K.L.:
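Please read through the structure below; I'll follow up with questions.
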Amino acid sequence: MLYFILRRLVLVVPILIGLTLLLFVVARLLPGDPVGLAAGPNASAETIAQLRQEFGFDQPLPIQYWTYVTGLLQGDWGTSVFTRRPVFEDILTYLPATLELVFAALLLAVVIGIPLGLLTAVYRNGALDYATRTLALGGIAMPRFFLGLLLQLAFAAWLGWLPLSGRYPFIEMPPETITGFYTIDSLLAGDFYALRVAIAHLVLPAFAMALSPLATIMRMMRASTIEVLQQDYVMTERALGLSNRLILFKYVLKNAMTSTLTVIGLYVSWLLGGTVLVETVFDWPGLGLYASQAILTQDFMPVIGVTLVIAIIYLITMLVVDLLYGVFNPKVRYA
Amino acid sequence: MLRLNKRQFLIGSAGAGIAAVLPWHANAQGRKIMVLASTVDIPNFDPHVATGYAPQWLFRNTYDALVRVVGNPPQPAPGLAKSWTQSEDGMTYTFELNENARFHDGTPVTAKDVEYSFARLLRLQQGAAWMVAGILDADSVKATGEMTVTMSLKQPFAPLLSVLPWMFVVNSKLVEANLGDDDGQSYLLANIAGSGAFQMGRARPGDLYELIRVENDWHEGGNLEGAIWKIVREAATTRLMLQRGQVHFALDMFAEDMEAIKDMPHVVRVMEPDYRSFSIKMNTAKGPLADKNLRKAISYAYNYQAMLDAAGPAQLMHGPLPTGMFGHAPELQVYRQDMDKAKEYLAQSEHKNGGFTLTMMHAAGYENQRRWCLIMLESLKALNIGLDIRPMVWPEIVSMAKSPDTMTDFYSIFQSANYADPDNTAFAGYHSSRNGQWQNPVYNNPEVDKLIEDARAEVDTAKRAELYRKFQEVIIEDAPDVFGVLESRKFAVLDTVQNYEFCPVAANTMEVWPLSLV
């Protein structure tokens, strides 16, 4: 297995190099003048030229790329033209908020989606099955930002049960930063008030993000479970007199999980790349908003940096998913 | 390992759910903390580098300038300088500093700090330095006494007092102690070295910036303990926050937002005309619109009433200068839709039969700009001219404006007044030295240049007004722009906010320290 992991990690290197090269070239080919924009509407041509030199944009493209790649290896991800801060620092600021949201959404999707998928497969064509399938269709079809607005209206504006937006009440101090995840930081600090506040702020945006993956996971789980339930070995187990619960949770679940696991893995990057709308609606200060701001101002370095982070997380997730196949299916060998 | 039976698990889950769903009351009520909702981030805290309205708001509340701008119409008011005098020839200004002024570290603000700040601003040539380009140089501002500053101008500059509110004074000792190799830019990027009423509390990029009132603040007025610049990007969220009393001041409101909140309890709608103009610039240097008669034909063909109807609360521009600004001449004849005259001028042009297509850009995402482009499309049909409309993101626009070759035939542009003087609009929008910049990509008329230069150097008010009148006449005759609308500035304010007075210059960067909450 160690050889498998090492081989996969080695493969990551050319992928990331290719990605940086592609992004670097495409970003420079786009029409626009990010330095002119960052210099301000009234900056003189000399000031813009000076800034362009300062950011190294006056160098030939291959030299710019070489400088960037060598900088990457030393932990320098470049500087944002817009914020003038190091991109890596910016990413560290915004990433925890996004990861917390993505993990919360994924948790909701998995914790609700898998049991529902199992139940609807076992009781297929029953009332629960029809109801959840209808809801699943709605969940997949409804745009996340629209769902977010509906949730805000219902649970924040009308009922007043949950906060409207943000990660934490903006007149209060959030828990001291350790991991950047407010839920974990408040737990580590033993501050249960902060935990409650952080969770309350997380519920609506996480649910808005979770609904689509939840519906997909549920449908995938249902389909896989139905397929597995029709396998000969399940009939044999039933003939041997094993209880339904044992068959379902010990034998069927594991086999049905393989394809669902792939979907869950894919959803990590889908959620990471798609946070921008939910972050906008809920004023969630995360990576999506940072990236969208950078895209609008053609601030190359943050765009490349965010894409790299998403790519790295995606590659790691897929590696973990591949490893988890072995847990659910011992026949899988890592050769 | 903790093991739960089914009952314990269910009770625990329900408890967690109820805890999360308890009635929620998170707002700033009860404390004198004013919350402002804006869509714009504050990426840089350096008052000599950053531009844009969000940083300007920060600077007006954490730093001080020699002179402030207040009121409607805008007037210079004492800032760090308690008084000033001006020589008769307009070449020398002397400022006496307020002895009470203190930096956040408690040290007094001295003339040396002012001298240092102007030298740094002019050295960096960023931020507001463009406003005094050619007027002040590195040796122009001198401390001529402990609390006396003398400014020697390179040439007379009538709007000097109007531009000074954007030139902030830094604590020279603090900046020198953190100079680094970039003139203190790295330090001031994320730190405040000012004497303003507030110091920086929490700074969470992309989320909020908290200002805390300085202990023993030397400014007089207002009861605020703090202020929060909260970034709220979605208009619907802003409206809900207003409704729940979580926001006192919503800055980036559109006409439809104002309509939606008109019956909202405790919310006051502020809709005031300000000096932010919208016009459609034409490529006077290349292509069909280099022909003045064609530009005039289009200026007469455009449906101004439809533009006004689409704009929401607004008024039509009357020439190149904003209505109400010093020098504006409302009695001048301007273009209004008149198809007979449009066809008359078209017949005099080199393109009398039409039959060609022009290009027009608008800023992507600005619905009103798109509507105004569609009105141009309809208006041009009557002249047998087609129109290709292109949305562009802002960096593309900046790049496009660099040369007549890259500029589209029409170019939609909002222009805010950075200072309360016609020089701002005239110089930035029509002086040929600005060619290649987005405010004036291509227009070049030596007569206009001369008028602008003479007007900015003229210290006699009546003579200045006459020069600006002449400037407007020439511009209207030359028709480089379709003069559009002055959209009203739209804010939503809770009725607990006291002492607010609208100022049409940089209205969305207001000083909050004189305000109070009840």
Side-chain angles (χ1 to χ4, degrees), chain A residues 30-34 36-37 39-47 50-51 80 82-85 90 93-94 97 145 149 152-153 155-157 159-173 196-197 199-200 202-203 279-286 289-290 293 295-298, chain B residues 16 19-28 31 33 35 41 43-44 46 49-52 124-131 133 185 189-190 202 204-208 210 228 230-234 236-237 240-241 243-244 246 393-400 402 418 428 434 436-439:
Chain A
L30 288 172
D33 182 9
L37 184 70
N42 300 293
S44 65
E46 293 77 34
T47 304
Q50 188 191 328
L51 275 177
S80 159
F82 184 65
T83 68
R84 313 264 177 114
R85 287 191 296 263
D90 277 350
T93 304
Y94 293 106
F145 73 92
L149 288 173
Q152 277 185 326
L153 210 58
F155 292 99
L159 297 171
W161 287 357
L162 290 163
L164 191 64
S165 60
R167 289 185 79 192
Y168 209 80
F170 44 82
I171 60 165
E172 294 180 24
M173 290 296 287
R196 179 198 157 229
V197 171
I199 290 174
L202 201 51
V203 173
E279 287 185 0
T280 302
V281 171
F282 288 95
D283 282 318
W284 195 266
L289 280 180
Y290 176 63
Q293 178 69 46
I295 290 166
L296 287 175
T297 53
Q298 291 188 358
Chain B
V21 176
L22 280 175
W24 194 258
H25 303 288
N27 57 45
R31 294 170 65 188
I33 296 173
V35 181
D41 201 353
N44 191 329
D46 190 333
V49 171
T51 59
L124 294 177
Q125 279 300 313
Q126 295 184 57
W130 65 274
M131 293 183 187
Q185 287 189 66
L189 180 75
R202 290 171 293 157
R204 301 212 303 248
D207 184 12
L208 64 84
E210 178 189 46
I228 291 175
K230 175 78 181 106
I231 298 161
V232 187
R233 292 168 178 85
E234 174 57 41
T237 310
L240 289 171
M241 290 173 88
Q243 188 183 332
R244 304 181 91 198
Q246 292 179 338
V393 293
W394 188 238
E396 279 183 276
I397 295 170
V398 173
S399 176
M400 178 208 70
K402 280 183 177 169
N418 299 96
R434 308 294 296 171
Q437 310 267 18
W438 62 270
Q439 287 162 309

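Letters go in sequence order (proteins before strands), and every chain restarts at 1. Computed from heavy atoms alone, side chains included, the values below leave out hydrogens, waters and symmetry copies. No experiment lies behind these values; they were computed from the predicted model shown.
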K.L.:
Within the 4.5 Å heavy-atom criterion, are Arg167(A) and Arg204(B) side-chain neighbours or not?
P.N.:
no
K.L.:
Closest approach of Gly206(B) and Tyr94(A), non-hydrogen atoms and distance?
P.N.:
N-OH, 3.5 Å
K.L.:
Looking only at heavy atoms, what is the nearest atom pair of Glu234(B) and Val281(A), with distance?
P.N.:
CB-CA, 4.1 Å
K.L.:
Heavy-atom pairs under 4.5 Å with chain B are the metric here; pick the option from Glu279(A), Gln50(A), Met173(A) that has the most.
P.N.:
Met173(A)
K.L.:
Under 4.5 Å heavy-atom distance to chain A, tell me which part of Leu208(B) shows up: side chain, backbone, both or neither.
P.N.:
side chain
K.L.:
What's the shortest heavy-atom distance between Pro285(A) and Pro205(B), and which atoms?
P.N.:
CB-O, 4.4 Å
K.L.:
With only heavy atoms counted, which part of Ala97(A) is less than 4.5 Å from chain B, the side chain, the backbone, both or neither?
P.N.:
neither
K.L.:
Is chain A contacted by the side chain of Met241(B), its backbone, both, or neither, given a heavy-atom distance below 4.5 Å?
P.N.:
both
K.L.:
How far does CD of Gln243(B) sit from CG of Leu164(A), to the nearest 0.5 angstrom?
P.N.:
9.0 Å
K.L.:
Report the distance from atom OG1 of Thr93(A) to atom CG of Asp207(B), rounding to the nearest 0.5 Å.
P.N.:
11.5 Å
K.L.:
Answer whether the closest heavy-atom distance between the side chains of Val49(B) and Arg84(A) falls below 4.5 Å.
P.N.:
yes
K.L.:
Give me the atom names and distance for the closest heavy-atom approach of Arg244(B) to Gly160(A).
P.N.:
NH2-CA, 3.9 Å
K.L.:
Please check this pair: side chain of Asp283(A) against backbone of Arg233(B), looking for a donor-acceptor N/O pair closer than 3.5 Å.
P.N.:
yes
K.L.:
Is any side-chain heavy atom of Thr237(B) closer than 4.5 Å to one of Thr280(A)?
P.N.:
no
K.L.:
Identify which part of Phe145(A) has an atom lying under 4.5 Å from any heavy atom of chain B, answering side chain, backbone, both or neither.
P.N.:
neither
K.L.:
With a cut-off of 6.0 Å (strictly less than), are more than 12 heavy atoms of other residues, nucleotides or ligands near OH of Tyr168(A)?
P.N.:
yes
K.L.:
Can you name the side-chain contact (heavy atoms from CB on, under 4.5 Å) partners of Glu396(B), sequence neighbours left out?
P.N.:
Pro31(A), Gln298(A), Met392(B), Val393(B)
K.L.:
With side chains defined as the heavy atoms from C-beta onward, is the minimum distance between Gln293(A) and Asp41(B) less than 4.5 Å?
P.N.:
no
K.L.:
Can you say whether Leu51(A) sits under 4.5 Å from chain B via the side chain, the backbone, both, or neither, judging by heavy atoms?
P.N.:
side chain
K.L.:
What part of Ser165(A) gets within 4.5 angstrom of chain B, counting heavy atoms only: side chain, backbone, both, or neither?
P.N.:
side chain
K.L.:
Any donor and acceptor pair, going by atom type alone, linking the side chain of Arg202(B) with main-chain N or O of Phe170(A) inside 3.5 Å?
P.N.:
yes
